[in-house]
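Okay, so here's the structure we're looking at.
Since the structure is predicted, the reported quantities are computational estimates derived from the model, not experimental observations.
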Amino acid sequence: MAELLPVEPFDMVIFGATGDLARRKLIPALFHRWCDGQIPEPSRIITTAREEMSTEDFLARAAETVNGNGANSERKARWAEFSRLVTYVRADADGEGEGWTALKEALNGDPAKIRVFYLALPPSVYGPVCAAISRHGLVTPRARIVLEKPIGHNFHSARAINEAVGAVFDESAIFRIDHYLGKETVQNLLVLRFANMLLEPVWNANGIDHVQITVAETLGAGERAGYYDRAGALRDMVQNHLLQLMCLVAMEPPHSLDGDAVRAEKLKVLRALRLIRAEGAKKDVVRGQYTAGVIGGVPVPGYAEEVGGTTKTETFVALRAHIDNWRWAGVPFYMRTGKRMSARRSEIIITFKPVPHDIIQADAGVLQPNRLVIRLQPDEGVKLMMMTKDPGPGGMRLRYVPLNLSYAEAFEQDYPDAYERLLMAVVRGNLALFMRRDEVEAAWRWTDGVIQAWQDGANTLHAYAAGTDGPQQAALMLGHDDREWFDGHD
Ligand code: NDP
Ligand code: BG6
């Protein structure tokens, strides 16, 4: 059974409380932690945005998302209890006005209490909001700030945001969220690598042929199209989620799970990532945008139709990356992510080197390399693909089968959503699950190289029909290396 570790009482101010993130993720996450008894009673949740409304109206809206129409009486009772923790305050986050006086009043009390400011706001206001928090005297000794990704839209804007936030909060009080780091299976990557002796001796260029990281979604840009059309798949997913996954696969063992120990190792990977310039981008990068298609039998419009006009934003990107260090020299890391793909699937596939000499007869079946398939979502699990003898008479016939660890079968329990884990980690002050300033900036430096290559005309935007696995050029990129995406192993 999972063990519940209660946190200290805290006050949490959620800026941008009427937004998509707060509605869909933050409030439900806090409610679930409350239901599990992890949040102690004197905690307070102060929600704020610019819209004028009462706390009752805010809670009524939130209840619709959290409970839908089908809450039973027990859940309704829990919601009523949780509601006592919540206040809504109208305030102009980056400005002045009486909203700030009301915020200050709502936060009144013991200055030694943990205080969390969660900025579920556009990154352009992170700096001004921090300045306002400071100006209004709300930074207490145990105050901390949570910033959502993406931090800026390139290296320079990220640095400016980091400077502005750093002028108010010490780095040890800044929690930059990448919610992939809060996923159960992503956390398990650390355990898989560093709590099992078996893998480490082959976890390098001698033992590994290549790595594939796929984050495929069936959803389109949806209600966030305004933001997404300015960002695109590279900024929205690769700069943060995919690079973070790559870091966890590629980093050296940290000396402990201490925040700075883990983050220092991830930083080394990001700094060793070979920059992609225009010439390289022609063969190492594929950009795509979905057109109309069918997903799960349902017709869906193309991206341009969804955003209502012509757009050059990529909804798919595939890359061949190289980490220039001893461990990974010559091992390609293929990454791809896209919206409106054939299935929702996030996974990391480590393909090991083939055996050095094949002693099995050629007609016994094709000898395939071992593959470690780490399925992040859905159907979380880990599979090790092995060659085995097909049982029974008929000579030495080969079969490629998985040693299968399915989370659903092995653990038979639900575990918290990434935001639940991350919010509690903020209260506990566990920085290991959050990005450090230098990591974010290093990730942007590399990403900026790809963006510059695009601006220099290195990559055309290929169309792919919604419900497929992206443009054919992504398959050709691996085909060029005599490899293919390892799909269809379910
Ligand atoms: P939304 O546009 O849905 O919401 C933004 C919120 O900020 C609204 O409540 C808006 O309310 C408020 N706001 C904007 N400007 C100000 C201001 N000056 N003062 C006070 N409130 C302001 O955005 P999301 O919720 O989708 O995203 C929030 C952040 O989280 C962004 O940085 C985004 O990149 C990040 N993020 C979001 C994810 C998601 O799934 N939604 C996933 C990962 C990251 P009002 O205008 O009424 O004040
Ligand atoms: C967010 C991106 O960070 O991650 C979204 O902004 C994307 O575009 C989402 O849909 C995917 O997260 P998850 O947890 O559903 O894989």
Side-chain angles (χ1 to χ4, degrees), residues 179-180 183 185-186 210-225 228-229 231-238 241-242 245-246 285-307 311 313-321 332-351 368 371-383 385 400 402 404 406-408 459-481 483-490:
H179 76 278
Y180 268 56
K183 288 184 189 276
T185 39
V186 176
H210 73 278
V211 177
Q212 297 183 6
I213 301 177
T214 297
V215 179
E217 299 180 86
T218 50
L219 295 175
E223 288 177 8
R224 297 181 68 220
Y228 190 83
D229 201 46
L234 183 73
R235 288 188 174 96
D236 183 48
M237 296 295 287
V238 178
H241 304 324
L242 276 87
L245 294 179
M246 188 204 69
V285 184
V286 175
R287 289 180 84 201
Q289 189 189 85
Y290 60 83
T291 53
V294 177
I295 301 184
V298 180
V300 293
Y303 177 70
E305 276 174 75
E306 276 181 359
V307 298
T311 160
T313 301
E314 80 287 354
T315 58
F316 174 96
V317 61
L319 301 119
R320 183 198 289 109
F333 280 68
Y334 301 102
M335 295 185 266
R336 69 180 161 165
T337 183
K339 294 212 183 272
R340 292 280 194 230
M341 307 266 283
S342 63
R344 177 171 180 251
R345 189 178 70 234
S346 296
E347 61 192 9
I348 300 171
I349 297 173
I350 317 285
T351 301
Q368 295 210 49
R371 286 189 172 92
L372 185 67
V373 179
I374 302 160
R375 174 62 82 103
L376 307 176
Q377 61 189 28
D379 308 326
E380 292 83 346
V382 181
K383 278 196 288 197
M385 303 299 298
Y400 196 46
N404 205 345
S406 149
Y407 273 43
N459 297 106
T460 41
L461 192 62
H462 301 287
Y464 63 99
T468 64
D469 287 332
Q472 184 199 17
Q473 284 76 7
L476 293 175
M477 182 172 82
L478 267 71
H480 189 263
D481 297 348
R483 298 184 177 111
E484 51 188 35
W485 296 102
F486 188 59
D487 295 331
H489 51 80
D490 298 320

Nearest 0.5 Å, please: how far is CD1 in Ile350 from CZ in Arg371? 11.5 Å
Going by heavy atoms in the side chains, are His241 and Val215 under 4.5 Å from each other? no
Of Leu245, Val211, Ile213, the one forming a side-chain contact (heavy atoms from CB on, under 4.5 Å) with Met335 is Ile213
Looking at residues at least two apart in the chain, or sitting in another chain, which of them share a salt bridge (charged side-chain N to carboxylate O under 4.0 Å, His left out) with Arg336? Asp487
How long is the gap from OG1 on Thr468 to CD1 on Ile295, to the nearest 0.5 Å? 8.5 Å
Looking at Val317, is its backbone amide N or carbonyl O close enough to the side chain of Arg287 to form a donor-acceptor pair, meaning the two atoms are under 3.5 Å apart? no
Using distance alone, with no hydrogens and no angle criterion, decide if Thr315 and Tyr464 have a side-chain donor and acceptor under 3.5 Å apart. yes
Can you tell if the side chain of Asp229 reaches within under 4.5 Å of the side chain of Tyr303, non-hydrogen atoms only? yes
Interatomic spacing from CD in Glu314 to OH in Tyr228 - rounded to 0.5 Å: 6.5 Å
Minimum heavy-atom separation for Leu478 to Gln212, with atom names? CD2-NE2, 3.7 Å
Establish, yes or no, whether the cationic atom of Arg483 lies under 6.0 Å from the six-membered ring centre of Tyr334 and within 45° of the ring axis. no
Main-chain N/O of Val373 paired to Glu347 side chain as donor or acceptor, under 3.5 Å: no
Would you confirm whether Trp485, through its side chain, and Ala474, through its main-chain N or O, come within 3.5 Å as a donor-acceptor pair? yes
Which heavy atom in Ser342 sits nearest to a heavy atom in Gly467, and how many Å separate them? CB-O, 3.3 Å
Once salt bridge (charged side-chain N to carboxylate O under 4.0 Å, His left out) is applied, do any residues pair with Glu484, and if so which ones, sequence neighbours excluded? none
Closest approach of Thr291 to Ala465 (non-hydrogen atoms, all atoms of both residues): OG1-CA, 3.5 Å
Supply the atom-to-atom distance Met246 CE to Phe333 CZ, rounded to the nearest 0.5 angstrom. 6.5 Å
Could you walk me through whether Met477 and Arg320 pass the side-chain contact (heavy atoms from CB on, under 4.5 Å) check? CA-CA 8 Å; Met477 182 172 82; Arg320 183 198 289 109; 3.6 Å; yes
For Gly381 and Thr185 the tightest heavy-atom approach is N-CG2, 4.5 Å
Non-hydrogen atoms of Gly470 and Met341 that approach each other most closely: N-SD, 4.0 Å
Walk me through whether His210 and Phe486 qualify under side-chain contact (heavy atoms from CB on, under 4.5 Å). CA-CA 11 Å; His210 73 278; Phe486 188 59; over 6 Å; no
Looking only at atom types and distance, does a side-chain atom of Asn459 sit under 3.5 Å from a main-chain N or O of Val285, one as donor and one as acceptor? yes
I need the minimum non-hydrogen distance between Thr313 and Gly232, along with the two atoms involved. CG2-CA, 3.4 Å
Residue pair Arg375, Arg345: steps toward the side-chain contact (heavy atoms from CB on, under 4.5 Å) verdict: CA-CA 8 Å; Arg375 174 62 82 103; Arg345 189 178 70 234; 3.7 Å; yes
Kindly write out the residues that satisfy salt bridge (charged side-chain N to carboxylate O under 4.0 Å, His left out) with Glu217, not counting sequence neighbours, or none if the list is empty. Lys339
Stepwise side-chain contact (heavy atoms from CB on, under 4.5 Å) check, Phe316 with His462: CA-CA 9 Å; Phe316 174 96; His462 301 287; over 6 Å; no
Distance in Å, Leu219 CG paired with Arg224 CZ, rounded so as to fall on 0.5 Å steps: 11.0 Å
